[in-house]
Amino acid sequence: TFSILIIGFSIFSATLLFIAYAFFLKNVNKSWFALSSCAGLLICLSFLQWWHLDYLRNGTDILPAAGYRFWLFLAPSLFFYFSRATLLPEARLHPLLLLHLSPQLLNYTFRAEIAIPLVFLVGMGYSFWLANLIYGMRAQRKRFKIEMFFFALFSVIAVFVLILGVSVPYIDHGYFYLFYA
């Protein structure tokens with residue numbers, strides 16, 4: 001029941017977060033890339049939660065589903081794009097950025113028992129990249145200690161999620177869905 005409430009809250013919150021980002025935050029990058037990567041990330045996370053809700057309501061194993069795995073493997077790339085667009089607004093866009101979509105290839109080249117831990121490793125890498133980037137900007141940030149606390153917390157969560165992802169072959173997938181939701 002708690003997971004179902006969290007899923008509903010997170011899907012509703014994703015909509016509110018995008019509206020706040022797009023229309024109410026004044027001092028943030030509002031380029032087309034920033035807005036589209038924000039929307040993409042929130043849509044991705046919402047679809048993952050929708051799939052988790054499907055598991056909780058129907059009990060079907062969603063990990064083998066191509067749709068679920070598509071969003072699962074897209075999440076790290078979208079997280080990178082949004083983080084980059086937000087924190088490095090002057091950084092040039094170039095075609096090589098498309099290489100950050102390569103985690104999606106893991107979905108099609110490896111068995112789930114190998115691909116899922118690898119994609120969580122990629123996500124954890126992006127979390128550490130982001131924490132390192134924020135740390136490097138500490139002289140320019142007024143609320144650095146608060147921001148770094150949250151990015152460190154996100155990195156710890158990323159490690160937990162990595163452990164969860166690595167354990168997928170060894171645990172009931174239901175535990176994965178409950179905790180990941």
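In what follows, residues are counted from 1 in the order of the sequence shown.
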Looking at [atom1] of [X] and [atom2] of [Y], how far apart are the two atoms once the value is rounded to the nearest 0.5 Å?
X	Y	atom1	atom2	answer
Leu45	Leu72	CG	CG	10.5 Å
Ser127	Asn132	OG	CG	12.5 Å
Leu78	Cys38	CG	SG	10.5 Å
Leu53	Ile6	CG	CD1	13.0 Å

What is the ring orientation for [X] with [Y], classed by angle as parallel under 30°, tilted 30 to 60°, or perpendicular over 60°?
X	Y	value
Tyr81	His100	perpendicular
Phe176	His52	perpendicular
Trp129	Tyr126	perpendicular

Kindly indicate whether the side chain of [X], heavy atoms from C-beta on, has any atom under 4.5 Å from the side chain of [Y].
X	Y	value
Leu133	Leu88	yes
Phe82	Leu42	no
Phe73	Leu105	no
Arg84	Leu93	yes
Phe120	Met124	no

For [X], look at atom [atom1] and say whether over 12 heavy atoms of other residues, nucleotides or ligands are found less than 6.0 Å away.
X	atom1	result
Tyr21	OH	yes
Phe2	CZ	no
Phe12	CZ	no

Under 3.5 Å: donor-acceptor pair, side chain of Lys30, backbone of Leu35 =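 No; zero donor-acceptor contacts below 3.5 Å.
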Handout entry: Backbone N/O of Phe70 and side chain of Gln104: donor-acceptor pair under 3.5 Å
Key =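 Pair found, side chain donor or acceptor close to backbone of Phe70.
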Which atom of [X] lies closest to which atom of [Y], heavy atoms considered:
X	Y	answer
Tyr177	Ile62	OH-N, 3.1 Å
Ser46	Ala14	OG-CB, 3.4 Å
Ser77	Leu101	OG-CA, 3.6 Å
Asp61	His173	OD2-ND1, 2.9 Å
Trp71	Gly67	CD1-O, 3.0 Å
Ala34	Ser37	O-OG, 3.1 Å

